[in-house]
Q: 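My questions will all concern the structure given below.
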Amino acid sequence: MKISVYAVGDKIEMFYLEAIKEYEKRLSRYCAIKFFHLKNINEVQRKLNPKSFVLAVNTSRNTISSEELADKLDHKAAAGVSDISIIVGATPPTYNDILSLSQMEMDFGLQSTILIEQVYRAYRIINNHPYHK
């Protein structure tokens with residue numbers, strides 16, 4: 001599966017970018033994941049693959065667990081979805097589903113890091129691997 005994460009906002013602190021890079025490296029054994037930091041939602045619209053399943057991250061009341069995220073990714077793969085785009089920091093005009101990590105507001109750099117960590121955790125769950133080493 002190919003996963004693109006688009007973080008929309010001004011600045012991401014270096015320590016978030018380092019953590020994201022580490023999780024990208026860990027995820028490379030499970031999927032092709034790429035993180036993009038963009039300044040505005042218009043840039044995302046230009047980069048999105050029109051065939052991509054788009055998840056918008058927000059702070060709705062409908063949060064999901066790590067196991068539910070794993071189930072969602074696994075079901076999408078089984079249904080033949082091979083390209084997922086996840087947008088953090090802005091809501092695109094069109095999307096297929098909403099993903100809520102928490103009801104709390106947080107910096108989009110932190111939210112991006114948590115999201116990618118949760119995708120990693122989901123793939124560990126899907127593959128019956130322990131999360132902690």
Side-chain angles (χ1 to χ4, degrees):
M1 176 161 315
K2 178 184 170 199
I3 299 175
S4 301
V5 177
Y6 299 97
V8 181
D10 291 330
K11 183 180 178 190
I12 297 180
E13 299 294 333
M14 185 56 75
F15 56 89
Y16 291 137
L17 294 173
E18 290 170 4
I20 289 166
K21 187 175 180 179
E22 174 64 26
Y23 282 112
E24 281 180 320
K25 185 174 88 175
R26 292 181 187 190
L27 275 161
S28 66
R29 70 186 290 194
Y30 301 110
C31 66
I33 188 163
K34 187 72 176 145
F35 179 79
F36 301 93
H37 175 218
L38 304 170
K39 297 293 180 189
N40 62 58
I41 194 66
N42 295 332
E43 291 179 65
V44 174
Q45 290 300 118
R46 287 192 295 271
K47 287 189 172 284
L48 276 178
N49 177 346
K51 296 181 181 178
S52 185
F53 184 86
V54 179
L55 288 169
V57 176
N58 74 11
T59 56
S60 74
R61 297 197 182 277
N62 301 326
T63 58
I64 64 172
S65 68
S66 299
E67 291 80 8
E68 289 169 323
L69 178 59
D71 204 39
K72 183 182 287 267
L73 291 174
D74 199 30
H75 279 91
K76 291 297 171 201
V81 174
S82 62
D83 190 313
I84 294 179
S85 294
I86 306 172
I87 302 169
V88 180
T91 303
T94 58
Y95 54 87
N96 300 99
D97 201 358
I98 291 177
L99 179 62
S100 183
L101 304 174
S102 172
Q103 292 179 34
M104 293 186 276
E105 293 291 329
M106 63 184 81
D107 176 87
F108 84 100
L110 176 59
Q111 195 174 35
S112 300
T113 305
I114 290 171
L115 168 72
I116 291 179
E117 183 274 337
Q118 285 297 306
V119 170
Y120 173 68
R121 185 181 293 259
Y123 274 102
R124 299 292 292 183
I125 291 167
I126 290 166
N127 290 283
N128 296 315
H129 294 155
Y131 177 71
H132 298 288
K133 293 182 180 180

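Reckoned from all heavy atoms, side chains included, excluding hydrogens, waters and symmetry mates. Residue numbers start at 1 and run along the sequence shown.
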Q: Do I84 and Y6 belong together in a cluster built from hydrophobic side chains that touch within less than 4.5 Å?
A: no
Q: K2 versus S82: any side-chain heavy-atom pair under 4.5 Å?
A: no
Q: Please tell me if the side chains of R121 and Q118 come closer than 4.5 Å, counting only heavy atoms from C-beta onward.
A: yes
Q: Give the cluster check for F53 versus L48: same hydrophobic cluster or not, with ILVMFWY residues linked at side-chain heavy-atom distances below 4.5 Å.
A: no
Q: Please step through salt bridge (Lys or Arg N to Asp or Glu O under 4.0 Å) for the pair E22 and K25, ending with a clear verdict.
A: CA-CA 5 Å; E22 174 64 26; K25 185 174 88 175; 3.6 Å; yes
Q: Counting N and O atoms only, with roles assigned by atom type, does the side chain of T113 sit under 3.5 Å from a partner on the main chain of I20, one being a donor and the other an acceptor?
A: no
Q: Using modelled atom types only, decide if a donor and an acceptor are shared between the side chain of N127 and the backbone of Y123 within a distance under 3.5 Å.
A: yes
Q: Quick check: is M106 connected to V8 through a chain of hydrophobic side chains (ILVMFWY, heavy atoms under 4.5 Å apart)?
A: no
Q: Do the non-hydrogen side-chain atoms of Q111 and L115 ever get within less than 4.5 Å of each other?
A: no
Q: Rounded to the nearest 0.5 Å, what's the gap from CD1 on I126 to NE2 on H75? Could you check?
A: 10.0 Å
Q: Would you say L101 and F108 are hydrophobically clustered, going by side-chain heavy atoms of ILVMFWY under 4.5 Å?
A: yes
Q: Quick one: CG on L69 to CG on D74, what's the gap to the nearest 0.5 Å?
A: 11.0 Å
Q: Using residues 33-45 as the side-chain source, report each donor-acceptor pair under 3.5 Å to any protein atom, sequence neighbours left out, with the distance given to one decimal.
A:
from	atom 1	to	atom 2	distance (Å)
H37	NE2	G9	O	3.0
H37	NE2	D10	O	3.4
K39	NZ	D10	O	2.7
N40	OD1	N42	N	3.0
N40	OD1	E43	N	3.1
E43	OE2	K39	N	3.2
E43	OE2	N40	N	3.4

Q: Keeping the roles fixed (side chain from S52, backbone from S85), state whether a donor-acceptor pair exists under 3.5 Å.
A: yes
Q: Assess the residue pair I86 and I116 against the criterion (side-chain contact (heavy atoms from CB on, under 4.5 Å)); give the C-alpha distance rounded to whole Å, side-chain angles, the decisive distance to 0.1 Å, and a yes or no.
A: CA-CA 10 Å; I86 306 172; I116 291 179; over 6 Å; no
Q: To check you understand the geometry: which heavy-atom pair defines the closest contact between C31 and I3, and what is its length?
A: SG-CD1, 4.0 Å
Q: Considering residues at least two apart in sequence or located in another chain, which fulfil the side-chain hydrogen bond (donor to acceptor under 3.5 Å, both in side chains) criterion with Y16?
A: none
Q: Please tabulate, one pair per line, all N/O donor-acceptor pairs under 3.5 Å involving side-chain atoms of residues 87-98, not counting sequence neighbours.
A:
from	atom 1	to	atom 2	distance (Å)
N96	OD1	V54	N	2.7
D97	OD2	K72	NZ	2.5

Q: Checking side-chain contact (heavy atoms from CB on, under 4.5 Å) for the pair Y30/M1: CA distance, chi angles, key distance, verdict?
A: CA-CA 8 Å; Y30 301 110; M1 176 161 315; over 6 Å; no
Q: Please report the interatomic distance CG(N58) to OG(S102), rounded to the nearest 0.5 Å.
A: 11.0 Å
Q: Please determine whether residues L55 and I125 belong to a single hydrophobic cluster, defined as Ile, Leu, Val, Met, Phe, Trp and Tyr linked transitively by side-chain heavy-atom distances below 4.5 Å.
A: no
